[in-house]
Every structure is written in C-alpha cells, then in structure tokens.
Peer 1: 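First the structure, which I've put down as structure tokens, then a few questions once you've had a look.
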Amino acid sequence: MVRFSLQRRNLLASASQLGTINIWNIKNNQKKLIAEIKNAHKGVIYGLDFTPDGQILASGGDDETVKVWDVDKAIKGKNSLIETLQGHTAIVNRLEFSRDGKIIASSSNDQTVKLWRWRQVSFIKNVTPDAENLLKYSCNFLEEYLQTNKNIPDWLNNPSGKCSVN
C-alpha cells in the first residue's frame with residue numbers, strides 16, 4: 001500500500017505486511033526514508049491516506065482499527081500516534097480523508113463504512129449522521145471520487161441522477 005501526499009508533493013507513505021509505515025522523501029526522483037513507524041498495526045496495513053495539507057496520516061488494517069498519525073512528529077522520530085479509532089469488527093480495507101480533512105471514511109470487511117469526524121486534534125467517535133446528511137455526504141464523496149479517478153469504467157462517469165440531493 002502506498003499513498004502520495006497531494007500538498008506536500010515530496011512525501012510518500014508506504015505500508016508493509018508486518019504493520020510498519022514508512023514515510024519517504026521523493027524529491028528530485030530520489031527515494032530517502034525519513035520516518036519509520038514500527039508496529040503501527042498488528043499485521044497487514046490495507047489503507048493509508050494523508051489529510052489534504054499532508055500534516056496527518058491515517059492507516060487501517062488487519063487489527064480492525066484506524067490509526068491517526070502526526071507526520072511531522074514521525075519525521076522527527078517522536079511518538080506520532082494521535083488516536084486509535086475502534087469500531088470495525090473485521091479488517092479495515094480502505095480509508096480516505098474528506099476534501100476538507102475533517103472526516104475519515106473507513107470501510108471494512110465487516111460490510112460497514114464508518115465516518116470519523118475530525119476536530120482539530122481529536123475525533124468524535126461513532127458519528128451517526130441523520131439520513132439526509134449522510135446521503136448528501138455520500139453523493140459528494142462519490143462525485144469527488146468519479147472526478148479524481150479517471151481510470152474507472154466509462155459507464156460510471158455518466159450522470160445518472162441517482163445521487164442528486166439538494
């Protein structure tokens with residue numbers, strides 16, 4: 001699993017099957033390991049994502065948790081774990097920050113998607129939005145996904161009207 005930071009374009013995070021996260025400086029097409037978070041998870045890490053500003057990294061994996069990391073602290077070799085988010089009952093297989101960096105969406109083999117709302121330094125756990133707000137958020141998330149992932153089948157890019165919420 002690898003993930004580029006969109007804002008801090010020289011940063012790349014990679015994850016190992018042994019639960020380690022590496023942060024690389026890839027400036028000038030060189031690859032230099034600048035941080036290593038050992039034992040980030042127990043087992044394979046399946047999901048990584050940076051906040052839009054590249055300051056925070058989230059990870060998820062075999063241990064059914066989402067973990068949130070301070071990138072600059074990791075680079076300085078300090079304890080960088082901000083929080084461990086628990087609530088899934090199977091492997092966390094994907095996660096992604098919202099465009100504004102305030103929400104993490106995580107999906108799991110337990111057939112659920114959880115939304116974790118970001119508030120400055122901590123998350124409000126187990127956010128349960130009302131149905132209308134969840135639908136609006138989901139439609140916006142889908143629209144953003146379709147706009148940024150151009151290698152998906154053409155039929156997904158055709159507007160269907162199935163996700164129009166005012």
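Fair warning: this is a prediction, and the values are worked out from it, not measured in the lab. Just so you know, residue 1 is the first one in the sequence shown, and it goes up from there.
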Peer 1: If only atom types and distance count, is the side chain of Arg3 paired as donor or acceptor with the main-chain N or O of Leu48 below 3.5 Å?
Peer 2: yes

Peer 1: Can you establish whether the number of heavy atoms outside Glu36 located under 6.0 Å from its atom CD is more than 12?
Peer 2: yes

Peer 1: Check whether Val71 and Val68 end up in the same hydrophobic cluster, where Ile, Leu, Val, Met, Phe, Trp and Tyr are linked by side-chain heavy atoms less than 4.5 Å apart.
Peer 2: no

Peer 1: Any sub-3.5 Å donor-acceptor pair from Ser108's side-chain atoms to Ala90's backbone N or O?
Peer 2: yes

Peer 1: To check you understand the geometry: which heavy-atom pair defines the closest contact between Ser106 and Val66, and what is its length?
Peer 2: CB-CG2, 3.8 Å

Peer 1: Keeping Asn10 on the side-chain end and Ile26 on the backbone end, is there a donor-acceptor pair under 3.5 Å?
Peer 2: no

Peer 1: Decide yes or no for Ile104 and Leu115: does some side-chain heavy atom of the first lie under 4.5 Å from some side-chain heavy atom of the second?
Peer 2: no

Peer 1: Let me confirm one number: the CD1-OG distance from Ile56 to Ser5, rounded to the nearest 0.5 Å.
Peer 2: 11.5 Å

Peer 1: Is Lys67 reaching over with its side chain to a backbone N or O of Ala40, donor-acceptor style, under 3.5 angstrom?
Peer 2: yes

Peer 1: Quick check: does any side chain N or O of Ser16 sit under 3.5 Å from a backbone N or O of Thr20, one acting as donor and the other as acceptor?
Peer 2: yes

Peer 1: Backbone N or O of Thr112 within a donor-acceptor pair of the Asp110 side chain at under 3.5 Å?
Peer 2: yes

Peer 1: Are Arg8 and Asp72 close enough for a salt bridge, meaning some N to O gap below 4.0 Å?
Peer 2: yes

Peer 1: What distance do Leu12 atom CG and Asn22 atom CG have between them, rounded to the nearest 0.5 Å?
Peer 2: 9.5 Å

Peer 1: Could you report the tightest heavy-atom contact between His41 and Ser59, atom names first, then the distance?
Peer 2: NE2-OG, 2.6 Å

Peer 1: Out of curiosity, Ile103 CD1 to Ser98 OG, how far, rounded to the nearest 0.5 Å?
Peer 2: 5.0 Å

Peer 1: If we ignore hydrogens and angles and just use 3.5 Å, is the side chain of Asp62 paired with the main-chain N or O of Val44 as donor and acceptor?
Peer 2: yes

Peer 1: Check the side chains of Thr65 and His88 for a donor-acceptor pair under 3.5 angstrom, ignoring hydrogens and angles.
Peer 2: no

Peer 1: Is the closest side-chain donor-acceptor distance between Asp70 and Ser80 under 3.5 Å?
Peer 2: no

Peer 1: What distance do Ile37 atom CD1 and Leu81 atom CG have between them, rounded to the nearest 0.5 Å?
Peer 2: 8.5 Å

Peer 1: Looking at every non-hydrogen atom in both residues, tell me the closest pair between Ser107 and Val113 and how far apart they are.
Peer 2: CB-CG2, 4.1 Å

Peer 1: With clusters defined by side-chain heavy atoms of hydrophobic residues (ILVMFWY) lying less than 4.5 Å apart, directly or transitively, does Leu95 cluster with Leu57?
Peer 2: no

Peer 1: Do you know the tightest heavy-atom contact between Val92 and Tyr46?
Peer 2: O-CB, 3.5 Å

Peer 1: Do Phe4 and Val2 belong to the same hydrophobic cluster, where Ile, Leu, Val, Met, Phe, Trp and Tyr are linked whenever their side-chain heavy atoms lie under 4.5 Å apart, directly or via other members?
Peer 2: yes

Peer 1: To the nearest 0.5 Å, what is the distance between CG on Asp53 and CZ on Phe97?
Peer 2: 9.0 Å

Peer 1: Does one hydrophobic cluster hold both Phe50 and Ile75, with members joined at side-chain heavy-atom distances below 4.5 Å?
Peer 2: yes

Peer 1: Any chance you could measure Met1, atom CE, to Asp49, atom CG, to the nearest 0.5 Å?
Peer 2: 8.0 Å

Peer 1: For the pair Leu11 and Ile34, evaluate side-chain contact (heavy atoms from CB on, under 4.5 Å) and give the outcome as yes or no after the intermediate values.
Peer 2: CA-CA 9 Å; Leu11 291 185; Ile34 57 173; 3.6 Å; yes

